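What you are looking at is a predicted structure, and each value in this text was computed from that prediction instead of being measured.
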Amino acid sequence: LIFSASSTCGFFSSLYSIRLLRKIDLQQLLALSLFLFTVSLFGISQSSRFWQALFFFGMMGAAMGFMGPAQNSLVALTSLK
């Protein structure tokens, strides 16, 4: 169930990240995903209930989903220069 929550949130956030990249800068999206990743790891380490851990695993999946397309776009932009 934990891996399912993480991968499901990662899938949907990677689909949404294209729309988000049109609104904010690439570096801002990477900073947002790293912030979410940091908060989720801290939350997982401090959670005392299963639903809390499940919430933070979902947040970690969303952070990974945002990070993937942003990193791919950054690599594509730097290779064109």
Partners of [X] by side chain to side chain contact (heavy atoms under 4.5 Å, CB included), sequence neighbours excluded?
X: L34; value: M67
X: T38; value: none
X: R19; value: Y16

Can you tell me how far apart CG (L15) and CG (L20) are? Round to the nearest 0.5 Å.
12.5 Å
Quick one: pull up CD1 in I44 and OG in S6 and give me the separation to the nearest 0.5 Å.
8.0 Å
Considering all heavy atoms of both residues, which atom of A5 and which atom of L54 are nearest to each other, and what is their separation?
CB-CD1, 3.7 Å
Shortest non-hydrogen separation from T8 to S4 and the atoms involved:
OG1-O, 2.7 Å
Please say yes or no: joined through hydrophobic side-chain contacts below 4.5 Å, possibly via intermediate residues, are F35 and L26 part of one cluster?
yes
Are F37 and F12 linked, directly or through other ILVMFWY residues, by side chains that come within less than 4.5 angstrom of each other?
no
Identify all side-chain donor-acceptor contacts of residues 56-65 below 3.5 Å with residues at least two apart in sequence or on another chain.
none

Other than F42, which residues form its hydrophobic cluster under the rule that side-chain heavy atoms must be closer than 4.5 Å?
none
